[in-house]
Amino acid sequence: MIETTFNPKAVEPRWSEAWERAGAFKPSADPKAAPFCIVIPPPNVTGSLHIGHALNNTLQDVLVRFERLRGKSVLWQPGTDHAGIATQMVVERQLAQSGANEDRRTLGREEFLKRVWTWKEQSGGTILNQLRRLGASCDWSRERFTMDEGLSAAVLKVFVQLHKEGLIYKDKRLVNWDPHFETAISDLEVENKEVQGHFWHFKYPLENGETYQFPIAYDDAGAPTEWETRDYIAIATTRPETMLGDGAVAVHPSDKRYAPIVGKRVLLPLADRYIPIIADEYPDPDFGSGAVKITGAHDFNDYKVARAHDLPLYVLMDTKGRMADAAYVPAKYRGLDRFEARKQVVADIDALGLLERVENKKIMQPFGDRSNVVIEPMLTDQWYVNAGELAKPAIKAVEEGTTKIVPESWGKTYFQWMRNIEPWCVSRQLWWGHRIPAWYGPDGAVFVEESEGAAKRAAREHYGKEEPLRGDEDVLDTWFSSALWPFSTLGWPEKTPELKKFYPTSTLVTGHDILFFWVARMMMMGLHFMKQVPFREVYIHALVRDAKGQKMSKSKGNTMDPLELIDKYGADALRFTLAAMAAQGRDIKLSEQRIEGYRNFGTKLWNAARFAQMNECAVWDQYDPRSPEQTVNRWIVGETAKAAQAVTAELEARRFNEAAGALYKFVWNVYCDWYLEFIKPLLNGEDETAKLETRRTTAWVLDQILVMLHPFMPFITEELWARTGEYGQKRQGMLISESWPSLSSDLIDEDAEAEIEWMVRLIAETRSTRSELNVPPGAKIPMLLIGAGEAAEARLERYQDLIDRMARLEYSTGAESAPAGSVTFVLDGATVALPLEGVVDLPAEAARLDKDIAKLTAEIGKMDAKLSNTEFVAKAPEEVVEELRERRSDAAASVAKLAAALSQIKAAP
RNA sequence: GGGCGGUUAGCUCAGCGGUAGAGCAUCUCGUUUACACCGAGAGGGUCGGGGGUUCGAUCCCCUCACCGCCCACCA
């Protein structure tokens, strides 16, 4: 016997294990089955499952299970990402906390990496196990890691080939430098944030005490009317410490105020150097003083100006962001942290009387997305990928629709970024990651090869003799290996059968936060190395945001932990909620109540199955959905077909919320609320043929529901599949390997549909207009149909047609005598008992009727106005006018009915 | 400064040319009934403001306001 509620905790682990043991997650070997492949966005090994992962993987699993049920050969490729900075950070923190007084440097590179690997082996699998709890049906036997052997070989090959093609090169230019991790990072890893800062106005004195006339007042026409004599040029900066590295002061060539002094020199205070005043298009004459200090080595804009004017570049800081030990840095600043140096510079400028003023100002400042420290533009040697070149085919593929982005609007974002893409800095001064396969000779010549041996051979050829080589110390950006994920996980560079079968992959499911980081780069690498797009479709889902800073007041830090939610409500409830909320829009805010609601939905389904079992509705494998003769059965078969068509279409269109909603409505509002109620008389009746047909239909529909719901709620459906097989015919296999219903439209029986529609309307109307019945105060109203007195009889007459239909549906209890609290009437010779419900509060009913009448009358007035508008009647489609007329007459009839009921109530004692 | 999105019931959100929807919450009534993780009802909305197109606009167009996100070099 099925118990009254579903117990996810007991059931979920059992099925997870059974599925995996049966190999249900492996692609089917059927050569005729069409391939369907999704590569998982590899979570960081350091990660633990958050609600965003839960959403992302639920959607993937829905698609994967859906396509598997549709008979495709499905591969969902799992794995994890080594996450360079994040992982190194975790292990370094662990070292710091261990109290052993060790850090990365004291351990040395080799030993440190050993520790990281140990950590990875111990903890790296956590998140994949958490995904298993969610029910993710990845082919776990194919789990990959971005730093495992095969994927590392792919990275080597890609790097070397791109280098040979000139698409990877080493360059000295300004790069975003993270002084905390002491590494370069890419543009994407920089977050610009607005912070409260200052704008310091300095005076740089002209050489030899020279002066010029500077306009300080203008007339209406913009001509200067007043001048003052100046012996300095005013500049402003948000970063005073960089002034030590200034190479010039720039003004706009059209700026007349400074025209007299362009080409002259100013004294750079503190540094005691003279720097030129140059003319360049870059300064905006209307901003600040119109003059800009040019610090080529510490600002991206200034760098361009400095290069254009061939200005010297002064690198002011070391890798930790401390003032460098360099000849051009005055001794007193050397070794100071950049923020300390800033204070000191300002104080010293002030002491010289050269600080004009200080302004408070909101400024945009770059922060490292991991370290959260201020990023420093630094002049260093780094490896770059020529992204501009690789982007071209990647742009074209989306333009031409070879890869489709869903929802389409994200295409714009993709194009905008791809069309303005900058060289991608791929080297990182870290230890954890793929080491850059470059070796340097004594003269600095570089040899990029897949192994040290190959590099040595190349060097021998180059030098004509054996020379010692020094390997590159740096590692690659984590996203470099992630960019290869769709083909490296399938075995590339080997020519594996999986690669042949599953590349290009079918769909990529991801959040928009990694559109640039990952999706764009997979497109570039996939097209370059495979000559084909990595995936046919990119589905971009919303981000789940924690309601931090939002109205949900009571919260402190209300991030929702999916594992806790699974413990509390079950994986199915969480999955269904996420899918139901995954409308193709923006962000999702999740409420726990919603999950509770969908947990209840699971219970509802569970109890429908319980009902089926109690009524011996056993599965019959010979069941033909065309066979039923009873109206309700013909009707529900049609409804099932409609539901199946809707769910299929919505899933194909990736409207997960619509698919989930269609299932929810069908199960709860159609199958449970109406069908199971309608068949009770049949199941309790005498007609054995009808009874058997109804039982089989009930079981068949339930089966269809279980299959269709399985992608969303795999555990409860699999469990019910097994349970319902216990009392009927034995199941041949597990639900996960069943077949998706394909039910054609000709199963929809319009006559049955019409009859049921009438039934439903009858019942609804009887309920809602009960006040129309003439009943004494305090009397009870029969819920279904019948009242007492003349009005009730009039009603019976009015609904005779419908009652006939009901009779044909055998919607009668056949009770001999009515139980207490019910009324009876005779229908087609059978005595029908109906329960009595509801006490009528007459004054309240009268008030409500008054209100309804007023509302309807107003509406009728509006409709009359419209119908008498000749323009409307002339222009509107005929059916619209006709509909309005009908509506008007319906409303008028309603008013009459209501008025009659009102008068009856008023007449009552 | 560009670009994108949002503003719909008390809350969280769907819908997006043809009589305003869901879940939760609220109120009323109901458990010998598959399910109280339930059932039957009810209340609750000038679909952010203002213009326009249309026979008809929550939906399309323009504009304003507020909120959010992404990109960007204003020192």
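Residue numbers begin at 1 in each chain, while the letters A, B, ... track the order of the sequences. These numbers come from a predicted model, not from an experiment.
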Enquirer: Distance check: side-chain N/O of A:Lys412 vs OP1/OP2 of B:C70, anything under 4.0 Å?
Expert: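 Checking B:C70 against A:Lys412, no side-chain N or O comes under 4.0 Å of OP1 or OP2.
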Enquirer: Write down the distance separating the C1' atoms in B:A9 and B:A22, rounded off to the nearest Å.
Expert: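 The same atom, C1', in both gives a distance of 11 Å.
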Enquirer: Using the C1' atom in both, what is the distance from B:A34 to B:G44, to the nearest Å?
Expert: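 Each nucleotide's C1' atom is 32 Å from the other's.
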Enquirer: What does A:Lys304 touch in the nucleic acid at a heavy-atom separation under 4.0 angstrom: a base, only the sugar-phosphate, or nothing?
Expert: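 Nothing, no heavy atom under 4.0 Å.
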Enquirer: Between A:Val190 and A:Arg599, which is nearer to the 5' end of RNA chain B once each is assigned its nearest nucleotide?
Expert: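 Checking each residue's closest nucleotide, the 5'-ward one belongs to A:Arg599.
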Enquirer: About how many Å separate CD of A:Gln613 and OH of A:Tyr727, when rounded to the nearest 0.5 Å?
Expert: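 If I round to the nearest 0.5 Å, the distance is 5.5 Å.
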Enquirer: Measuring only the P atom in each nucleotide, how far is B:G10 from B:G52? A whole number of Å is fine.
Expert: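 Going atom to atom, P in each nucleotide, I get 29 Å.
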Enquirer: What class does the angle between the rings of A:Trp410 and A:His512 fall in, given that below 30° is parallel, 30 to 60° is tilted and above 60° is perpendicular?
Expert: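 Answer is parallel, since the angle falls under 30°.
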Enquirer: Counting only Watson-Crick or G-U wobble pairs whose two distances fall under 3.5 Å, which nucleotide matches B:A20?
Expert: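 B:A20 is paired with nothing.
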Enquirer: I'd like a list of close polar pairs between nucleotides 23-27 of chain B and the protein, N/O only, cut-off under 3.5 Å.
Expert:
residue, atom, partner, partner atom, Å
B:C24, O2', A:Gln593, OE1, 2.6
B:C24, O2', A:Gln593, NE2, 2.8

Enquirer: Quantified in whole Å, what is the C1' atom distance between nucleotide B:C61 and nucleotide B:A25?
Expert: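 Their C1' atoms lie roughly 38 Å apart.
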Enquirer: If you find the nucleotide of RNA chain B closest to A:Met614 and the one closest to A:Met364, which residue's nucleotide is nearer the 5' end?
Expert: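 By nearest-heavy-atom nucleotide position, the 5'-most residue is A:Met614.
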Enquirer: Please report the distance separating the P of B:U58 from the corresponding atom of B:G49, rounded so that it comes out in whole Å.
Expert: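 Straight-line distance between the two P atoms is 10 Å.
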Enquirer: Return no unless some side-chain N or O of A:Lys665 is found under 4.0 Å from OP1 or OP2 of B:G21.
Expert: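 So the side chain of A:Lys665 is outside the cut-off, no N or O lying under 4.0 Å from OP1 or OP2 of B:G21.
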Enquirer: Under 4.0 Å between any heavy atoms, over every strand shown, what does A:Gln613 touch: base, sugar-phosphate, or nothing? Just pick one.
Expert: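 It contacts nothing in the nucleic acid.
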Enquirer: Counting Watson-Crick and G-U wobble pairs only, both distances under 3.5 Å, name the nucleotide matched with B:A42, or none.
Expert: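 Pair assignment: B:A42 / B:U26.
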Enquirer: Within this structure, what is the CD1-OG1 distance for the pair A:Ile294 and A:Thr242, rounded to the nearest 0.5 Å?
Expert: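 Those atoms lie 10.5 Å apart.
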Enquirer: Apply side-chain contact (heavy atoms from CB on, under 4.5 Å) to the pair A:Tyr414 and A:Phe516, showing each step before the final yes or no.
Expert: CA-CA 7 Å; A:Tyr414 173 85; A:Phe516 304 147; 5.6 Å; no
Enquirer: Listed by chain and number, what are the side chain to side chain donor-acceptor pair (under 3.5 Å) partners of A:Trp424, not counting sequence neighbours?
Expert: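 A:Trp424 satisfies side chain to side chain donor-acceptor pair (under 3.5 Å) with A:Asp477 once adjacent residues are dropped.
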Enquirer: For A:Glu3, is there an ion pair with A:Arg610 - N to carboxylate O distance below 4.0 angstrom?
Expert: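 Not counted as a salt bridge, because no side-chain N and carboxylate O are separated by less than 4.0 Å.
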Enquirer: Nearest to the side chain of A:Thr603, heavy atoms from C-beta on, is which of B:A75, B:A34, B:C37?
Expert: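 Of all the options, the side chain of A:Thr603 is nearest to B:C37.
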Enquirer: Sticking with atom P, work out how far B:C55 lies from B:U26, rounded to a whole angstrom.
Expert: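 47 Å, rounded to whole Å.
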Enquirer: Between B:A75, B:C35, B:C73, which nucleotide has the shortest distance from any of its atoms to the side chain of A:Lys604?
Expert: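 Nearest to the side chain of A:Lys604 among the choices is B:C35.
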Enquirer: If you measure from the C1' atom in B:G18 to the same atom in B:G5, how many Å do you get, rounded?
Expert: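 Pairwise C1' distance, B:G18 against B:G5, rounds to 28 Å.
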Enquirer: Angle between ring planes, A:Phe601 versus A:Trp668, binned at 30° and 60°: parallel, tilted or perpendicular?
Expert: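 If you compare the ring of A:Phe601 with that of A:Trp668, the planes turn out parallel.
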Enquirer: With rounding to whole Å, what would you report as the distance between B:U46 and B:U8 at their C1' atoms?
Expert: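 After rounding to an integer number of Å, I get 12 Å for this pair.
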Enquirer: In Å and rounded to the nearest 0.5 Å, what is the CD1 to CE distance from A:Ile595 to A:Met581?
Expert: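 The distance works out to 9.0 Å.
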Enquirer: Measuring from atom SG of A:Cys672 to atom CG of A:Asn607, what distance do you get when rounded to the nearest 0.5 angstrom?
Expert: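 It is 8.5 Å, given to the nearest 0.5 Å.
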Enquirer: Which of residues 278-294 of chain A sit near RNA chain B, with a heavy atom under 4.0 Å from it?
Expert: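 Output list: A:Tyr282, A:Pro283, A:Asp284, A:Phe287, A:Gly290, A:Val292.
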Enquirer: Using Watson-Crick or G-U wobble geometry with both distances under 3.5 Å, which nucleotide pairs with B:U33?
Expert: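 Base-paired to nothing in any strand shown.
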